[in-house]
Amino acid sequence: MRTHQIVLLPGDGIGPEIISVAKELLEIVSVKFNFELKFVEKKIGGSAIDATGNPLPEDTLQTCRESDAILFAAIGDPRFDILPREKRPETGLLSLREGLKLFANIRPVKIIPSLIESSTLKREVIEKVDLIVVRELTGGIYFGKPKGRVKTEIEERAFNTMTYSNKEIEQIARVAFELSNKRRNKLCSVDKANVLDVSQLWRESVDKVSKDYPNIEVNHLYVDNAAMQLIKDPSQFDVILTGNLFGDILSDEAAMITGSIGMLPSASLSKNGPGLFEPVHGSAPDIAGLDKANPLAMVLSAAMMLKIGLKEVKAAEALEKVVDSVLGKGFSTSDIASKESIEVGCKAMGKELVKELNAI
Ligand code: NAD
């Protein structure tokens with residue numbers, strides 16, 4: 001029997017509530033599709049600070065390195081906002097991404113028909129949206145050196161460096177081209193090549209990789225235009241490829257097209273090691289422990305883990321299907337509820353999902 005080692009990282013806030021829903025579904029779906037999942041749970045973020053003083057204990061990182069995939073919920077706890085940056089929960093996640101060399105962040109944005117009214121955009125603009133943002137995650141301006149602050153007698157100056165090598169660009173471009181190959185064969189690369197040298201290299205490197213994918217239609221957009229096009233006509237996009245800073249902004253913009261942060265999964269991938277699969281949202285401290293969290297982004301992250309990380313495609317599709325059917329029957333948590341929906345809490349949503357999955 002195929003066996004996969006999974007590290008579960010519940011983290012903080014609503015994390016434990018939503019990950020337990022995903023775990024129960026994973027256990028059922030693995031039995032249905034004849035494979036075994038071996039779970040080990042580890043601490044990260046605020047819960048790890050409470051237990052060990054460190055937001056990413058070495059034992060957590062090492063266990064993640066030895067796994068086949070990592071399912072992560074969320075970190076963040078206002079109790080720790082007074083700590084210096086390196087000791088905060090968020091540093092645990094950044095260190096994990098760095099430690100696992102997770103250079104490719106993948107965020108699918110797909111409209112769920114029953115939730116179309118949750119968006120602030122018009123139905124006719126968004127109803128066909130089905131896109132993926134591929135963001136470079138370990139380079140660019142967030143990591144570039146030199147960086148820092150310099151004080152002189154007359155002023156204080158701060159600076160960061162946006163830097164990419166052709167190798168880094170080609171590596172992330174290949175991820176995007178491969179994804180595009182399995183989709184609608186359209187790739188839009190986003191840069192600021194009219195102003196930035198680093199973007200000119202970005203464009204040249206993407207064009208170089210595109211020669212290996214002659215079936216994929218490539219276009220380049222400047223980031224300001226891409227931001228406009230995402231609001232004006234988001235269904236024109238299939239795969240959007242971009243660097244760390246532009247990707248950070250555009251992926252949040254793209255996420256809001258759906259109108260519901262509690263619905264969006266993501267994957268962060270390395271070259272050869274295990275991938276990290278996580279909802280886009282944070283630990284939602286305002287609703288933690290109140291049984292109000294929407295577990296669906298977590299469940300869809302588990303589906304991404306099955307599909308991309310473990311190649312258990314049928315099991316992944318089964319999870320996606322149960323999410324659709326539960327929403328189709330009108331069940332929703334308060335963040336996505338409309339007048340017509342049957343509002344339920346996190347646990348009850350989990351029960352409905354289990355019922356649907358058992359019926360497949
Ligand atoms: P957030 O995503 O936690 O919450 C934003 C809003 O969305 C809140 O009103 C929250 O209640 C709601 N929300 C989020 N997820 C939801 C869900 N599944 N169901 C229902 N409602 C949901 O962002 P924030 O408030 O800016 O940050 C809170 C903490 O999370 C901070 O400590 C921040 O650093 C951390 N954070 C972590 C991650 C991560 O773990 N990847 C990402 C973003 C923020």
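Residue numbers count from 1 along this sequence. Read the numbers this way: they start at 1 and go in the same order the structure lists the ligands and their atoms.
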Check residues 6-16 and write down every donor-acceptor pair under 3.5 Å in which the side-chain atom is one partner and the other belongs to a residue at least two apart or another chain.
residue: Asp12; atom: OD1; partner: Gly46; partner atom: N; Å: 3.2
residue: Asp12; atom: OD1; partner: Ser47; partner atom: N; Å: 2.8
residue: Asp12; atom: OD2; partner: Gly46; partner atom: N; Å: 2.7
residue: Asp12; atom: OD2; partner: Gly76; partner atom: N; Å: 2.8

Please table the atom pairs, donor to acceptor, closer than 3.5 Å between any side-chain atom in residues 215-223 and protein atoms at least two apart or in another chain.
residue: Asn215; atom: ND2; partner: Asn181; partner atom: OD1; Å: 2.8
residue: His220; atom: NE2; partner: Asp207; partner atom: OD1; Å: 2.8

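Only the side chain of Leu93 comes within contact range of ligand 1, with a heavy atom under 4.0 Å; no backbone atom does. Contacts with ligand 1 closer than 4.0 Å are made by no heavy atom of Met298, backbone or side chain. If you look at Ser334 next to ligand 1, there are no close heavy atoms at all, none under 4.0 Å. When non-hydrogen atoms are compared, ligand 1 lies under 4.0 Å from the backbone of Ile75 as well as from its side chain. Counting heavy atoms under 4.0 Å from ligand 1, residue Ile14 touches it through the side chain alone. Only the side chain of Ile287 comes within 4.0 Å of ligand 1, judged by heavy-atom distances.
Per-residue contacts place Ala74 under 4.0 angstrom from the following atoms of ligand 1 (heavy atoms of the residue considered): 40 (O).
Residue-to-ligand polar distances keep Ala73 apart from ligand 1: every N/O pair is separated by 3.5 Å or more. For Arg97, no nitrogen or oxygen atom sits less than 3.5 Å from a nitrogen or oxygen atom of ligand 1, counting backbone and side chain alike. Remark: ligand 1 and Glu90 share an N or O pair separated by less than 3.5 Å (distance only, no angle test). The shortest N/O to N/O separation between Gly76 and ligand 1 does not fall below 3.5 Å.
Within a 4.0 Å radius of atom 6 (C) of ligand 1, the protein contributes no heavy atom. Within 4.0 Å of atom 34 (O) of ligand 1, at least one protein heavy atom is present. For atom 2 (O) of ligand 1, a protein heavy-atom neighbour is present inside the 4.0 Å cut-off. Atom 26 (O) of ligand 1 lies below 4.0 Å from none of the non-hydrogen atoms of the protein.
In this structure, Glu136 contributes its side chain and Thr138 its backbone to a donor-acceptor pair below 3.5 Å. Between the side chain of Arg97 and the backbone N or O of Leu102 there is no donor-acceptor pair closer than 3.5 Å.
Taking a 4.0 Å cut-off on heavy atoms, Ala297 fails to register as neighbouring ligand 1.
Contact check for Ile360 versus Val322: side-chain heavy atoms found under the 4.5 Å cut-off.
By the 30° and 60° cut-offs, the orientation of the rings of Phe35 relative to His4 is perpendicular.
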